[in-house]
Amino acid sequence: MKNLTVINHPLVQHNLTRLRDARTQPQEFRRLLNEIAALMTYEATRSFAVKKNFVRTPMEKTTGAQLEKEIVLVPILRAGLGMLDGILEMIPHARVGFLGLKRDEKTLAAHFYQKSLPKNLTRCEVILIDPMLATGGSAVAAIDFLREQGAKSIRLVSLVAAPEGIARVRKSHKTLPIFTAAIDRQLNKVGYILPGLGDAGDRLFGT
Ligand code: PRP
Ligand code: URA
């Protein structure tokens, strides 16, 4: 599928397997999730535009490169927070916005409870972060809102994606780049990803 990247790097797959393991406790889960987020950042940012600049080394002047656009990270609360520090390690100069979304357990519809974004998104590269892409309701609500706020270049980084969630994002946002470490089999009857890793927020925060 166009603009869908599955990151098969051995370190990513190794960490993902440990995250899936039901025995992994919150402290280790948090560490692994940040680590895998940092690794995924290399792939997710590969196409960022750079402009040529010049730099004076202690020896002589040479050409260099500078990112063309400002970068804004937007984790979807809560679970997206689990990937934020890892990505910030790679892009410390990024600005950060927050979107709080909660799925209704019965209808699975996502509802906003927090919207806090930096200004002037139009010329920024926005990285939307959420470890789980299940029905896709949360991601689509977040992307729609980011677009309303003027964001033109948005990419989604989701650790585990269900085919249903990918299809939902694709229906509304045909070319939006999606980066994931795994496309899992399916959703269960109550909207959880199989095999998945369970409830990412609960596993992160021990709730
Ligand atoms: C989880 C997860 C995603 C969302 C994915 O969040 O972190 O944000 O579900 O599901 P969807 O694709 O069907 O919308 P949840 O609403 O459980 O909130 P939490 O992160 O606070 O636990
Ligand atoms: N949210 C999660 O945290 N896990 C799932 O499997 C689906 C939605």
Side-chain angles (χ1 to χ4, degrees), residues 1-48 71 73-91 94 96 99 101 103 108 110 126-140 142-143 154-170 176-188 190-207:
M1 189 185 282
K2 199 165 177 268
N3 287 351
L4 172 66
T5 306
V6 180
I7 303 170
N8 272 321
H9 192 286
L11 295 175
V12 170
Q13 294 304 319
H14 177 85
N15 276 14
L16 172 61
T17 304
R18 295 185 61 200
L19 284 161
R20 287 191 194 277
D21 191 330
R23 295 168 301 182
T24 302
Q25 295 301 306
Q27 189 178 355
E28 179 70 348
F29 192 91
R30 281 194 286 272
R31 191 187 66 73
L32 288 165
L33 188 55
N34 271 311
E35 212 173 272
I36 205 168
L39 294 166
M40 290 177 78
T41 306
Y42 281 99
E43 201 54 51
T45 58
R46 188 183 288 280
S47 67
F48 278 0
I71 300 170
L73 308 180
V74 181
I76 297 181
L77 308 180
R78 289 175 303 169
L81 287 177
M83 300 176 78
L84 178 63
D85 284 349
I87 300 180
L88 275 172
E89 289 264 324
M90 298 293 116
I91 320 173
V96 182
L99 292 177
L101 278 158
R103 291 202 309 177
L108 298 182
V126 177
I127 306 181
L128 181 64
I129 307 162
D130 192 335
M132 310 307 283
L133 179 63
T135 65
S138 305
V140 168
I143 295 162
I154 306 170
R155 58 199 63 210
L156 173 64
V157 177
S158 268
L159 180 65
V160 180
E164 294 89 333
I166 294 169
R168 176 98 172 256
V169 173
R170 271 291 160 269
L176 185 130
I178 303 173
F179 297 87
T180 186
I183 302 174
D184 275 9
R185 194 176 70 247
Q186 66 184 104
L187 297 180
N188 70 7
V190 288
Y192 278 82
I193 301 174
L194 298 175
L197 49 74
D199 188 306
D202 287 353
R203 295 200 60 196
L204 261 172
F205 300 114
T207 45

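Note that the structure is a prediction, hence the values are computed from the model and not measured.
One distance of note links CG of Leu88 with CD1 of Ile129; it measures 7.5 Å at 0.5 Å rounding. With rounding to the nearest 0.5 angstrom, the CD atom of Glu28 is 10.0 Å from the CG atom of Asp21. To the nearest 0.5 angstrom, Met40 atom CE is 5.5 Å from Thr180 atom OG1. Here CD1 of Ile127 is found 6.0 Å from CD1 of Ile87. Values are rounded to the nearest 0.5 Å. Here the straight-line distance linking atom CG of Asp184 with atom CE of Met132 works out to 7.5 Å at 0.5 Å rounding. To the nearest 0.5 angstrom, Leu128 atom CG is 7.5 Å from Ser158 atom OG.
Residues Arg103 and Ala134 share a closest heavy-atom pair of NH1-CB, 3.8 Å. Nearest heavy-atom pair across Val160 and Gly196 is CG1-CA, 4.5 Å. Scanning all heavy atoms of the two residues, the minimum distance from Leu84 to Asn34 falls at N-OD1, 4.0 Å. The two residues Pro131 and Ala200 make their nearest non-hydrogen contact at CG-CB, 4.1 Å. Residue Leu156 comes nearest to Ala139 through the heavy atom pair CD2-CB, 4.1 Å, listed as atom of the first residue, atom of the second, then distance. Contact between Leu73 and Ala94 at its shortest, heavy atoms only, is CG-CB, 3.7 Å.
Formation of a donor-acceptor pair under 3.5 Å by the Arg155 side chain with backbone atoms of Phe179 is not found in this model. The closest donor-acceptor contact from the side chain of Thr24 to the backbone of Arg20 lies at 3.5 Å or more, if one exists at all. Thr135 places no side-chain N or O within 3.5 Å of a backbone atom of Gly165 that could act as its donor or acceptor partner. No side-chain donor-acceptor contact under 3.5 Å links Arg168 to the backbone of Pro163. A donor-acceptor pair under 3.5 Å links the side-chain atoms of Gln13 to the main chain of Ile7, judged by distance alone. Looking only at distances, no side-chain donor or acceptor of Asn3 sits under 3.5 Å from a matching main-chain atom of Pro177. For Arg203 (side chain) and Phe29 (main-chain N/O), no donor-acceptor pair under 3.5 Å exists by modelled atom type.
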Take Val157 and Glu43, measure what side chain to side chain contact (heavy atoms under 4.5 Å, CB included) needs, and give me the verdict at the end.
CA-CA 10 Å; Val157 177; Glu43 201 54 51; over 6 Å; no
Given Leu4 and Ile183, is the side chain to side chain contact (heavy atoms under 4.5 Å, CB included) satisfied, shown in steps?
CA-CA 10 Å; Leu4 172 66; Ile183 302 174; 3.7 Å; yes
Evaluate side chain to side chain contact (heavy atoms under 4.5 Å, CB included) for Leu77 paired with Leu81, printing each intermediate quantity in order.
CA-CA 6 Å; Leu77 308 180; Leu81 287 177; 3.6 Å; yes
Pair Ile36, Leu33 - check side chain to side chain contact (heavy atoms under 4.5 Å, CB included), show working.
CA-CA 5 Å; Ile36 205 168; Leu33 188 55; 4.1 Å; yes
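A donor and an acceptor atom, one from each side chain of Arg46 and Thr5, are nowhere located under 3.5 Å apart. Between the side chains of Arg78 and Thr207, a donor-acceptor pair is found at a separation under 3.5 Å.
You'll find the side chain of Leu187 stays beyond 4.5 Å of the side chain of Leu108, heavy atoms only. Annotation: side chain of His14 is not in contact with side chain of Glu35 (no heavy-atom distance under 4.5 Å). Side chains of Asp85 and Arg30 form no contact here, defined as non-hydrogen atoms less than 4.5 Å apart. Side-chain contact between Arg185 and Pro195 is present, with at least one heavy-atom pair separated by less than 4.5 Å. Counting only heavy atoms from C-beta outward, the side chains of Asp130 and Leu101 never approach each other to under 4.5 Å.
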